[in-house]
Structures are given as C-alpha cells and as structure tokens.
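Take a look at the following structure, please.
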Amino acid sequence: MNQKIEVFTEQLALLDRSRHLVVSKIKAAITNQDRCTIALSGGSTPKALYQALAQENLPWEKMHIFWGDERYVSPNHPDSNQCMARETWLNHIKIPQENIHPIPTSGGSPAVDAQNYAGELQKFFGVSDGEIPVFDIILLGMGDDGHTASLFPYTEALQVRDRLVTVGNKDGQPRITFTVPLINQALCVIFIVAGANKKEALTQVFAPNPDGNKYPAALIQPKNGELWWLLDAAANPAM
Ligand code: 6PG
C-alpha cells in the first residue's frame with residue numbers, strides 16, 4: 001500500500017498542505033481525464049480546507065462533487081455535511097449545480113436513499129452491478145473512536161462488501177456511507193486528522209495488524225491508490 005504520513009506542528013501548516021495536496025490532485029485528474037471526481041468528508045476538520053478551496057481559481061465546471069457520508073437529515077439541517085460544504089465552499093464558486101451530487105435523505109428510508117445514491121454513482125461512472133467506481137479523490141476524517149465516513153466501530157456497515165453505499169449507524173442514528181470497497185477503489189484517499197483526542201485511535205490504526213472492527217479507519221487500504229495521512233502533532237502517535 002502506497003501510504004504517506006505527514007505531521008504538522010502548526011494548524012496553518014496543516015491547512016496549507018491539505019489545500020496544496022488537494023489542489024494538486026484536482027489539477028492532475030483534470031489534466032489526465034478532463035474531469036475530477038471528489039467525495040467530501042463532513043465534520044469540523046475539513047471546514048477550513050473547504051473555505052481555502054473556495055479561494056482557488058480552478059476549472060470548477062470540470063469537477064464533480066460527491067459525499068462519502070451524510071447524516072440522515074434534511075439538506076439545510078445544521079448537521080448536514082452537504083450544508084456545511086455548500087456554506088464553506090460550494091456556494092462561493094462557479095460550479096454547475098448538476099456537478100454537485102449530494103446524498104439523498106428524503107427517499108423514505110436510509111436504505112432506499114443508500115440504494116438510490118449507489119445507483120447514481122453507477123450511472124455517473126458508467127459501471128454495472130459488481131463493478132466499483134474509481135474516485136479520483138476521497139477526503140476522510142477520523143473520529144476519536146477510529147470511525148471514518150460513517151463506518152462506526154462494531155457496525156454491520158463495516159462488513160458490507162457487495163454494495164457501494166450502505167446505512168451506517170452512529171449510536172442508533174442512521175447515516176448513509178460509502179462502503180469500504182468503494183473507498184479502497186479510489187486513486188487517492190486523503191485523511192486529515194487533528195487533535196489530541198484522536199491520538200489513541202490513530203495509534204491503534206497505525207499499529208501492526210490493527211483491529212478494523214474496533215478502529216474502522218484501519219480498513220481503509222486503497223488497492224491501487226495513494227493513502228495520505230495529514231496530521232497535526234497532537235494527533236500524531238509518534239509525537
Ligand atoms: C461526519 C464525517 C466523519 C468525520 C469524523 C471526524 O459525517 O461527521 O464524515 O467521518 O470525518 O467524525 O469529525 P471531526 O472532523 O469533526 O473531528
């Protein structure tokens with residue numbers, strides 16, 4: 001596995017590196033195939049990155065924005081990952097609305113919406129059942145329990161191997177999430193992890209033979225792609 005770990009003592013340095021890496025991967029994808037597909041993470045860590053990306057001058061019409069997971073709330077709910085990305089980034093750039101592919105959360109049930117999103121991915125990427133789309137970039141965060149996307153410890157979602165999208169479960173609350181096989185098919189997976197509260201889980205994730213059921217971020221091992229960990233010193237196990 002092609003894994004790179006970079007640690008930054010200053011938050012601004014972490015942010016600048018994150019922006020630089022994402023922009024370079026966007027440009028490379030557009031150079032190679034005249035488009036870039038990126039799946040966003042939610043939570044608080046990426047907010048500053050998204051605000052920085054809003055200042056970039058990129059051919060946004062060549063980008064297609066997806067989400068790696070979503071809380072099962074309306075698009076304008078304060079917990080919505082879609083809402084956060086629009087407010088910090090997408091509302092501030094000239095990107096065709098049809099290039100933004102939010103996870104549906106009003107189809108009647110999380111299972112139906114998960115299936116509908118998987119169908120949207122198959123149609124967009126032109127893949128049939130059993131084939132796995134290849135995202136150019138998938139951004140991920142990690143919770144202090146080692147979850148990533150909405151793949152939470154000891155949940156059924158961790159075992160799903162025959163679907164692209166499934167229903168995650170956070171303390172009984174449904175979420176919609178990419179599955180492990182879909183994330184591991186990406187060309188470039190970038191974790192951005194900051195904060196001392198993440199250090200213990202990250203120590204377990206980086207340990208030899210990690211327990212992916214207990215620390216799901218350890219399940220993210222891209223088959224052919226790059227795996228980047230951009231960390232602050234507080235989260236870094238080695239510090
Ligand atoms: C979400 C995210 C989730 C997030 C981690 C870390 O929907 O919340 O996709 O996986 O990346 O929970 O969140 P913080 O960045 O807020 O620590």
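All ligand and atom numbering here is 1-based and tracks the order in the structure. For clarity, every value in this text was computed on a predicted model and none was experimentally measured.
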Report task. Identify the protein heavy atom lying closest to atom 13 (O) of ligand 1, giving its residue, its atom name and the separation to 0.1 Å. Result ->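 Minimum-distance protein heavy atom for atom 13 (O) of ligand 1 reads Gly43 CA, 4.0 Å.
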Requested in this report: Give yes or no for whether the N/O distance cutoff of 3.5 Å, strictly under, is met between Gly42 and ligand 1.
Outcome: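 Looking only at distances, the answer is yes, because the N/O contact criterion of under 3.5 Å is met.
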Query raised in the report: Given the side-chain rings of Phe178 and Phe135, with only the six-membered ring counted for Trp, is the space between their centroids under 6.0 Å?
Result: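 Distance test on ring centres: under 6.0 Å, yes.
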**Report entry** Mutual orientation of the aromatic rings belonging to Phe66 and His101 [parallel < 30°, tilted 30-60°, perpendicular > 60°]
**Finding:**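 Phe66 vs His101 ring planes: parallel.
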Query raised in the report: Measuring from the heavy atoms of Arg71, does anything fall under 4.0 Å of ligand 1?
Result: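 Arg71 counts as a contact of ligand 1 under the 4.0 Å cut-off.
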Report task. Return a yes/no value for Thr148: is any of its N or O atoms, backbone included, closer than 3.5 angstrom to an N or O of ligand 1? Result ->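 N/O-N/O distance below 3.5 Å does not exist for this pair.
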Query raised in the report: Are Ile26 and Val189 grouped together when hydrophobic residues (ILVMFWY) are joined by side-chain heavy atoms under 4.5 angstrom apart?
Result: yes
Query raised in the report: If you measure every N/O of Ser41 against every N/O of ligand 1, is any gap under 3.5 Å?
Result: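 By distance alone, the answer is no.
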Query raised in the report: Which protein heavy atom lies closest to atom 17 (O) of ligand 1, and at what distance to 0.1 Å?
Result: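 Result for atom 17 (O) of ligand 1: Lys198 NZ, 2.8 Å.
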Report task. Number the atoms of ligand 1 from 1 as they appear, then name those within less than 4.0 Å of a heavy atom of Ala149, with their elements. Result -> 3 (C), 9 (O), 10 (O)
Report task. Ignoring hydrogens and angles, state whether a donor on the side chain of Glu61 or Asn99 is under 3.5 Å from an acceptor on the partner side chain. Result -> no
Report task. Answer yes or no: is there an ion pair linking Asp136 with Lys25, defined by an N-O contact shorter than 4.0 Å? Result -> no
Requested in this report: May I ask you to identify the nearest protein heavy atom to atom 12 (O) of ligand 1, giving residue, atom name and distance to one decimal place in Å?
Outcome: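 Nearest protein contact, heavy atoms only, for atom 12 (O) of ligand 1 is His147 NE2, 2.7 Å.
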Query raised in the report: In the protein, which heavy atom is nearest to atom 6 (C) of ligand 1, and how far is it?
Result: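 Atom 6 (C) of ligand 1 sits closest to the protein heavy atom Met142 O, 3.6 Å.
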Report task. Spell out, as yes or no, whether a donor-acceptor pair under 3.5 Å connects the side chain of Asp144 to the backbone of Ala201. Result -> no
Query raised in the report: Does a sphere of radius 6.0 Å around CD in Gln115 hold more than 12 heavy atoms from other residues, nucleotides or ligands, not counting ones at 6.0 Å or beyond?
Result: no
Query raised in the report: Mind checking whether Ser150 has an N or O less than 3.5 Å away from an N or O of ligand 1?
Result: no
Report summary line: among protein heavy atoms, the one nearest atom 15 (O) of ligand 1 is Thr45 OG1, 2.6 Å
Query - Close-contact set for ligand 1 against Asp69 heavy atoms, below 4.0 Å - result: 1 (C), 2 (C), 7 (O), 9 (O)
Query - Where ligand 1 meets Asn81 - atom numbers and elements under 4.0 angstrom, heavy-atom basis - result: 1 (C), 7 (O)
Report task. May I ask you to check whether Trp228 and Glu6 show a side-chain donor-acceptor distance below 3.5 Å? Result -> no
Query raised in the report: From Asn81 CG over to Asp79 CG, what is the distance, rounded to the nearest 0.5 angstrom?
Result: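 Output value for this atom pair is 8.5 Å.
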Query raised in the report: Taking atom CG of Leu231 and atom OG1 of Thr9, what is their separation to the nearest 0.5 Å?
Result: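 So the CG of Leu231 and the OG1 of Thr9 are separated by 12.5 Å.
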**Report entry** Contact atoms of ligand 1, heavy-atom distance to Arg175 under 4.0 Å
**Finding:** 1 (C), 7 (O), 8 (O)
Report summary line: For atom 11 (O) of ligand 1, the closest protein heavy atom turns out to be Gly141 CA, 3.3 Å
